[in-house]
Amino acid sequence: MKSKDPVAITTDYGGETTSIEKLRESLKAVADAGFSHIHWCNEWDSEYIYSNAEMLQIKSWLDAFGLQVEGIHASEGVHRPEIAGKFHLRNRYQNRKDYTSFDEFNRQAGVELILNRLQMANVFETDTIVLHMQLPYAEFTSQDFREKYYHAVKSSLHELEMNKERGHVKICIENMIGTPNDEQFKQFDFLFAEFSSDFLGFCYDIGHEHITTDPNSEPFPFLSRYGNRLFAVHFSDNLGLLHDQCWNDDPEMTKCDLHLLPYKGTIDYQAALAKFSSSAFSGAVTLEVSQRNRNRAEFLSEALTSAKTISQTIRKFRGV
């Protein structure tokens, strides 16, 4: 039985697969568990281009299972490699199909990759896509580099905003791990001053915020600053920053992002949702969590319970 509360889970909850049979089976399991929506997350960090036929096939499965789509996770290009002496969360890479690239052809290829996900959003009848913008902040000591970087970003987003194939789909930039909050605040302040809320919004990742926020500072600072632009969300849990050296070791930093079910880590969800309830978000509560080695049906059942608890708590704080 489908949940009365609109609740979603990311499609890569059990990992990704190239098997269409296993993908269909995974989606059916989500529907059977009682979720009303999915958040399409497959190929979120690759240069894969979906064909129109693939989009239509997946949409036919979703329709058959009674699943709606709460956004699509787009890609910022090829996954950044691990290179000795450099760090993929803070240094610059000229990866293929990178919409922030200084190489004009490569930047345009990155725009085409995002446009593919915008087209997919229209086929799936959803109005948001989520996009990473992992800042190469180690290079920002050069003002010239910073200006070139943001010029490339602005050019790419402007082209996407003006493209007729976008329709009414919004792009939501996500807060990230591996980048200090102060740099991210500058990023979002710049973007939201340049682009209207009709086009550009914020994807709030509560797990990422828990990792990058000093426990002795203001709690949930991204909600305070950008709640009026919050059109997409990733709920999960973790234990926060595992140790200070994570800031100097990207593999260690990524280990902090546990993608536990909500209420299984150290995030104060009651306090977070009290603040979240004042945001602009009106969509399906979305979990970005990992099944790992658990039984799928049991995991999805527990995930549904936590998603419904979040949704009901938000409604309570909103008085609806």
Side-chain angles (χ1 to χ4, degrees), residues 10 39 44 73 76 80 87-91 130-140 146 172-193 200-281 285-290 306-307 309-310 313-314 317:
T10 55
H39 176 60
W44 65 268
H73 202 312
E76 62 177 337
R80 297 184 179 190
F87 305 90
H88 71 279
L89 296 180
R90 67 191 97 155
N91 287 105
V130 173
L131 185 63
H132 287 179
M133 184 177 158
Q134 189 74 60
L135 295 177
Y137 71 93
E139 318 280 359
F140 283 175
R146 182 188 290 266
C172 298
I173 307 295
E174 182 176 351
N175 60 299
M176 301 298 293
I177 61 167
T179 303
N181 283 357
D182 286 347
E183 281 292 350
Q184 296 193 69
F185 296 157
K186 293 174 186 176
Q187 167 198 19
F188 287 112
D189 289 348
F190 169 80
L191 293 175
F192 295 154
L200 199 69
F202 174 52
C203 173
Y204 175 58
D205 190 305
I206 191 171
H208 291 173
E209 180 187 56
H210 191 47
I211 294 165
T212 61
T213 301
D214 186 332
N216 297 314
S217 65
E218 175 200 5
F220 316 111
F222 288 92
L223 285 178
S224 300
R225 286 173 169 264
Y226 309 115
N228 64 329
R229 289 276 194 137
L230 204 165
F231 305 133
V233 65
H234 289 164
F235 284 119
S236 67
D237 213 334
N238 58 58
L239 305 177
L241 190 71
L242 296 177
H243 50 83
D244 289 341
Q245 278 303 110
C246 292
W247 284 110
N248 301 312
D249 188 330
D250 284 1
E252 287 298 304
M253 175 63 79
T254 58
K255 290 178 183 177
C256 300
D257 200 13
L258 296 173
H259 293 288
L260 302 174
L261 290 173
Y263 308 101
K264 295 296 185 181
T266 56
I267 294 174
D268 184 345
Y269 257 91
Q270 193 72 5
L273 297 179
K275 206 166 189 178
F276 184 90
S277 64
S278 299
S279 75
F281 185 76
V285 163
T286 301
L287 301 189
E288 187 183 33
V289 290
S290 298
S306 65
T309 299
I310 291 172
T313 303
I314 293 170
F317 279 124

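- Phe192 is linked by a ring-ring contact (aromatic ring centres under 6.0 Å, His included) to Phe188, Tyr226, counting only residues two or more places apart in sequence or in another chain.
- Residues passing the salt bridge (charged side-chain N to carboxylate O under 4.0 Å, His left out) test with Asp214, sequence neighbours excluded: none.
- Applying the ring-ring contact (aromatic ring centres under 6.0 Å, His included) test between Phe281 and each of Phe276, Phe235, Phe202, Phe231 identifies Phe276 as the sole match.
- With sequence neighbours left out, His73 forms a ring-ring contact (aromatic ring centres under 6.0 Å, His included) with Trp44, His132, His234.
- Residues passing the salt bridge (charged side-chain N to carboxylate O under 4.0 Å, His left out) test with Lys186, sequence neighbours excluded: none.
- The OG1 atom of Thr266 sits 6.0 Å away from the CG atom of Asp237 when rounded to the nearest 0.5 Å.
- Taking CG of Asn175 as the reference point, atom CG of Asp205 lies at 5.5 Å (rounded to 0.5 Å).
- Residues satisfying the salt bridge (charged side-chain N to carboxylate O under 4.0 Å, His left out) criterion with Arg225, sequence neighbours excluded, are Asp189.
- Counting heavy atoms from C-beta on, the side chains of Met133 and Leu191 come closer than 4.5 Å.
- To the nearest 0.5 Å, the span separating OG1 on Thr179 from CD1 on Ile211 amounts to 12.0 Å.
- Gln270 has its side chain within reach of Phe317: a pair of non-hydrogen atoms, C-beta onward, lies under 4.5 Å apart.
- Looking at heavy atoms from C-beta onward, Pro262 lies in side-chain contact with Val289 at the 4.5 angstrom threshold.
- Rounding to the nearest 0.5 Å places OG of Ser278 at 11.5 Å from CG of Leu230.
- Note that CD1 of Ile267 is 5.0 Å distant from CG of Asn238, once rounded to the nearest 0.5 Å.
- Leu241 has its side chain within reach of Met253: a pair of non-hydrogen atoms, C-beta onward, lies under 4.5 Å apart.
- Screening residues 245-265 for ring pair (Phe, Tyr, Trp, His ring centres under 6.0 Å), with sequence neighbours left out, gives Tyr263-Tyr269.
- Considering CD1 of Ile177 and CD of Gln184, their distance stands at 10.0 Å, rounded to 0.5 Å.
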